[in-house]
Chemist: 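Please see the structure below; I have some questions.
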Amino acid sequence: MHELGIVFHIMDTIEEVAKEQQLTQVSKITLEVGEVSTVIPAYLEDCWRWARKRSELFKDCELTHETVKAVTYCEDCGKTYETVKYAKICPHCSSENTYLLEGNEVQIKEIEAC
């Protein structure tokens, strides 16, 4: 379960920001999670509920996420398409000369704090 590692990384990153900005409480964190990132949101939320209790900074903090749709680009025809629906084969020209543009990321989008 790599979700716990992601939670610890998020907490470490936000603790650094909190120290720099002299924040005492984080109330909400919004993540962007790519639909092909292999992160399971329910596992991420379970790990978050467990980990946040170990820090005063996060004790009542809510973790939310927004799904980033996976989009693939075809180098042969120059078009984009839905990765989950068509995988590696371009639906426009049947090429396999494609690569993922977005949808694999896990990143902090927003932090609400005081």
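Every heavy atom of this structure was used, including side-chain atoms; hydrogens, water molecules and symmetry mates were not.
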Chemist: Any chance you could lay out the side chain to side chain contact (heavy atoms under 4.5 Å, CB included) test for Val17 and Ile108, step after step, and finish with the verdict?
Modeler: CA-CA 12 Å; Val17 171; Ile108 300 168; over 6 Å; no
Chemist: Once ring pair (Phe, Tyr, Trp, His ring centres under 6.0 Å) is applied, what residue pairs with a partner in residues 3-40 remain, sequence neighbours excluded?
Modeler: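 Of all non-adjacent pairs touching residues 3-40, none passes ring pair (Phe, Tyr, Trp, His ring centres under 6.0 Å).
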Chemist: Not counting sequence neighbours, which residues clear side chain to side chain donor-acceptor pair (under 3.5 Å) with Lys28? List them please.
Modeler: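 Result, side chain to side chain donor-acceptor pair (under 3.5 Å) vs Lys28: none returned.
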Chemist: Does one hydrophobic cluster hold both Val106 and Phe58, with members joined at side-chain heavy-atom distances below 4.5 Å?
Modeler: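 Yes, one cluster joins them.
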Chemist: Backbone N or O of Ala87 within a donor-acceptor pair of the Tyr81 side chain at under 3.5 Å?
Modeler: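 Side chain of Tyr81 to backbone of Ala87: a pair is present.
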Chemist: Pro91 versus Lys85: any side-chain heavy-atom pair under 4.5 Å?
Modeler: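 No, their side chains stay 4.5 Å or more apart.
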Chemist: So Glu112 and Glu62, side chain to side chain contact (heavy atoms under 4.5 Å, CB included) or not? Walk me through it.
Modeler: CA-CA 10 Å; Glu112 292 180 21; Glu62 175 187 5; over 6 Å; no
Chemist: Asn97: what forms a side-chain contact (heavy atoms from CB on, under 4.5 Å) with it, not counting sequence neighbours?
Modeler: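 Only Glu75, Asp76, Ser95 meet the side-chain contact (heavy atoms from CB on, under 4.5 Å) criterion with Asn97.
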Chemist: What I want to find out is whether Glu16 reaches Lys19 closely enough, with some N-O distance under 4.0 Å, to be called a salt bridge.
Modeler: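 Salt bridge flag = no for Lys19 with Glu16.
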Chemist: Considering non-hydrogen atoms only, spot the tightest contact between His2 and Thr38 and give its length.
Modeler: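 Distance-wise, the nearest heavy atoms are CE1-O, 3.3 Å.
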Chemist: Tell me, please, which residues at least two apart from Ser37 pass side chain to side chain donor-acceptor pair (under 3.5 Å).
Modeler: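 Counting only residues at least two positions away or on another chain, Ser37 forms no side chain to side chain donor-acceptor pair (under 3.5 Å).
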Chemist: Checking Glu20 side chain against Ala18 main chain: does a donor-acceptor pair fall under 3.5 Å?
Modeler: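 Such a contact is absent between Glu20 side chain and Ala18 backbone.
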Chemist: How many angstroms lie between OG1 in Thr80 and CG in Leu101, if you round to the nearest 0.5 Å?
Modeler: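 So the gap between those two atoms works out to 7.0 Å.
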Chemist: For Glu32, give me all partners under side chain to side chain donor-acceptor pair (under 3.5 Å), at least two apart in sequence or on another chain.
Modeler: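 For Glu32 the side chain to side chain donor-acceptor pair (under 3.5 Å) partners, ignoring immediate neighbours, are Gln107.
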Chemist: What pairs with Gln22 under side chain to side chain donor-acceptor pair (under 3.5 Å), at least two apart in sequence or on another chain?
Modeler: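 Per chain and number, Gln22 pairs via side chain to side chain donor-acceptor pair (under 3.5 Å) with no residue.
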Chemist: At what distance, to the nearest 0.5 angstrom, does CD of Glu45 lie from CG of Leu31?
Modeler: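 Taking CD in Glu45 and CG in Leu31, the distance rounds to 9.5 Å.
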Chemist: For Glu56, run the salt bridge (Lys or Arg N to Asp or Glu O under 4.0 Å) check against Lys59, Lys53, Arg52, Arg54 and tell me which one passes.
Modeler: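 Considering Lys59, Lys53, Arg52, Arg54, a salt bridge (Lys or Arg N to Asp or Glu O under 4.0 Å) with Glu56 is found only for Lys59.
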Chemist: Can a donor-acceptor pair be found, under 3.5 Å and without considering hydrogens, that links the side chain of Gln25 to the backbone of Leu57?
Modeler: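 Between the backbone of Leu57 and the side chain of Gln25 there is a qualifying donor-acceptor contact (under 3.5 Å).
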Chemist: Starting at CD1 of Ile29, measure out to OG1 of Thr64 and round the result to the nearest 0.5 Å.
Modeler: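 Going from the CD1 atom of Ile29 to the OG1 atom of Thr64 covers 9.0 Å.
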Chemist: Are Val71 and Tyr73 connected in a single hydrophobic cluster, I mean Ile/Leu/Val/Met/Phe/Trp/Tyr linked by side-chain heavy atoms less than 4.5 Å apart?
Modeler: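 Yes, it is one cluster - the side chains of Tyr73 and Val71 are joined through contacts under 4.5 Å.
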Chemist: Does Trp50 reach the main-chain N or O of Leu4 with its side chain, forming a donor-acceptor pair under 3.5 Å?
Modeler: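 Pair absent, no side-chain N/O of Trp50 close to backbone of Leu4.
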Chemist: Between Thr98 and Lys88 (side chain of the first, backbone of the second, donor and acceptor by atom type, cut-off under 3.5 Å), is there such a pair?
Modeler: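 Flag set: sc Thr98 to bb Lys88 pair under 3.5 Å.
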Chemist: Look up atom CG in Leu44 and atom CZ in Arg49, then write down how far apart they are to the nearest 0.5 Å.
Modeler: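 Answer rounded to 0.5 Å: 10.0 Å.
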Chemist: In terms of hydrophobic clustering (I, L, V, M, F, W, Y; side-chain heavy atoms under 4.5 Å; direct or indirect links), are Val39 and Trp48 co-clustered?
Modeler: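 Yes.
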Chemist: Identify the two heavy atoms, one from Glu3 and one from Ile40, that lie closest to each other, and give their separation to 0.1 Å.
Modeler: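 Heavy atoms of Glu3 and Ile40 come nearest at OE2-N, 2.8 Å.
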Chemist: From Thr83 OG1 over to Lys69 NZ, what is the distance, rounded to the nearest 0.5 angstrom?
Modeler: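 Spacing of OG1 (Thr83) from NZ (Lys69) equals 10.5 Å.
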Chemist: Any link between Val68 and Val84 through a network of hydrophobic side chains (Ile, Leu, Val, Met, Phe, Trp, Tyr) touching at under 4.5 Å?
Modeler: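 Not linked; separate clusters.
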Chemist: Given the rule in the side chain to side chain contact (heavy atoms under 4.5 Å, CB included) test, do Val33 and Thr67 qualify, once you have shown the distances and angles that lead to the verdict?
Modeler: CA-CA 5 Å; Val33 179; Thr67 301; 5.7 Å; no
Chemist: I need the Ile111 CD1 to Thr30 OG1 distance, nearest 0.5 Å.
Modeler: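 Atom-to-atom, Ile111:CD1 and Thr30:OG1 are 9.5 Å apart.
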